Structure formats: structure tokens, C-alpha cells
Amino acid sequence: MPHALPPLPYPYDALEPTIDELTMRLHHDKHHEGYVAALNAALHGTRWAERPVEDVLCDLGSLPEDKRTLVRNNGGGHLNHSLFWASMAPDFRGLPAGPLGDAIDVTFGSVRELRRQVSDAGMGRFGSGWAWLVHDGAGLAVTSTANQDSPLMRGVTPLLGVDVWEHAYYLRYQHRRADYLEAWWNVVDWQQVAARYATATSRNRDAGGDHA
Ligand code: MN
């Protein structure tokens, strides 16, 4: 099977107390594993089975109609969660610095304001979905998506995403999504976000600085 569940880059209990061990076990081993299994089942034996999930999500229209929703939901789930685990770290590694820090200051005025806008996007997402910091080809922006949709499906690059499905926070925070969103910033690994920003901006430079 071409798509595989990536191991967590830290132990299940490493993000305590922000994210509890049982939530991490269920979220990674059951929810994410389920997306991977369903994605592989949907693409098995097709010419899309060996393609990177990013490519498939950007080209859903080429899939047979009866597979599109399955791949959208489960391919998006696989990609979003892979990014999510890799965006967190147990030891706070400092606020954004370098080019990402500069871009945040220019676009939002401060990290505090960026955090507020992402958290607001997460609070404003009715039902299940994600809130994102993205690079849209011109610069940084905040957005949200429903269900497991990826910003890539709109042609923008996700840099940081927070899962606001209830399965991401309900055991520890119950209905208090705002508390989860506030605490979540304690485990964000800005060094990873900065690396994604560097990749996105160099790709954009290579493309001549337009919205490629
Ligand atoms: Mn999730």
C-alpha cells in the first residue's frame, strides 16, 4: 500500500498537559490510521495509487466520480494530520523568527494578532474542520476549511493548521474549543512552520514571484 501512517515524532504523552495521551493515541492510531486505510482502499489498483497525496488532492476532477468524495475526505485527512503531528513539539522552541517572523509582523502586526486570527477562524468553523496559516502565493493569510479539506485544494500552501474536530480536544476540553485553541499555541513548533515558509517562498521566487 503506498500511503502509510507516519509515526508520531514524539511519545504519545509528550504534549501533556496541552494534549492528553489518550487523545493522541486515539487521534493518531485510530482516526489518522482510518484515513490512510480508506485512502488506500479507494485508490487500490488505480493509476492514482502511486501518486503523492498532494497531487491527487489537487486533481480530484480526474478521479472517477464515485471515488472523489472518498479521496477528498480521506486523502485530506491523511495530509492534514501528517502536517499536524509535525507542527507540534513537546518543548516550546521559541516564537517565529527570521523571514517568517518578519512576514508575520508585516502581515498581522504581531504574533499575538496572528494567533488571534487563527483562533477566531477555528472558533468560526461550524462543525468539523481546520484553521490555517497559509502562503497564498503573494504572502501569509489565515483561512479555514471544512471537514478534511486541504488548503492545497484551493491552490494555497498550508504552513500551520489546527484541527478543530471534536476528536482533537473533547476528552480534555469537552465543549470548550476556545480553551483548546488557546492552549494549543504552547505546543506549536514554529521552527517547522518557518521551514515550510522558506520552501513556499523559494518556490514562489522560482516561479517568478507570481501566483503560480
Ligand atoms: Mn483529527
Side-chain angles (χ1 to χ4, degrees), residues 1 3-43 52-54 56-57 60 68-90 115 118-134 142-154 156-190 192-193 196:
M1 285 294 184
H3 298 290
L5 181 67
L8 281 182
Y10 33 72
Y12 291 100
D13 63 354
L15 303 181
E16 294 265 11
T18 302
I19 304 180
D20 59 286
E21 178 179 352
L22 182 57
T23 293
M24 290 299 289
R25 286 188 181 280
L26 295 171
H27 201 175
H28 179 270
D29 295 5
K30 304 299 179 188
H31 290 276
H32 190 172
E33 168 60 27
Y35 300 129
V36 173
L39 175 65
N40 283 332
L43 295 181
V53 67
E54 293 90 338
V56 178
L57 286 171
L60 287 172
R68 270 178 220 161
T69 302
L70 266 174
V71 172
R72 176 180 182 170
N73 290 338
N74 293 288
H78 176 37
L79 183 66
N80 291 343
H81 287 83
S82 298
L83 188 81
F84 187 58
W85 312 130
S87 298
M88 299 187 287
R115 286 174 40 160
V118 173
S119 294
D120 283 357
M123 289 305 292
R125 170 52 55 193
F126 185 78
S128 297
W130 294 74
W132 301 97
L133 173 67
V134 299
V142 169
T143 188
S144 78
T145 56
N147 302 314
Q148 294 296 355
D149 283 357
S150 164
L152 279 180
M153 291 161 54
R154 299 177 188 159
V156 303
T157 304
L159 302 177
L160 176 67
V162 58
D163 188 343
V164 297
W165 285 56
E166 286 183 347
H167 68 225
Y169 62 86
Y170 213 83
L171 293 180
R172 173 141 295 172
Y173 298 91
Q174 292 87 46
H175 59 287
R176 300 185 303 277
R177 185 187 288 188
D179 291 356
Y180 157 69
L181 282 166
E182 179 66 25
W184 180 72
W185 296 104
N186 296 325
V187 293
V188 170
D189 184 350
W190 285 106
Q192 295 294 331
V193 185
R196 288 181 205 122

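Quick caveat: nothing in here was measured; it's all calculated off a predicted structure. Both counts, for ligands and for their atoms, begin at 1 and track the order of listing.
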Return all protein N, O or S atoms below 2.8 Å from the Mn ion (ligand 1), chain by chain in residue order.
His27 NE2, His81 NE2, Asp163 OD2, His167 NE2

Answer yes if the side chains of Tyr180 and Arg172 hold a donor-acceptor pair under 3.5 Å, and no otherwise.
no

Just checking, any donor-acceptor pair under 3.5 angstrom between side chains of Trp185 and Ser119?
yes

Are the ring centres of Trp165 and His81 closer than 6.0 Å?
no

More than 12 heavy atoms of other groups within 6.0 Å of Arg72 CZ:
no

Minimum heavy-atom distance Asp149-Asn80, with the two atoms named
O-ND2, 3.4 Å

Using the ring of each side chain (for Trp, its six-membered ring), is His78 parallel, tilted or perpendicular to His3, with breaks at 30° and 60°?
perpendicular

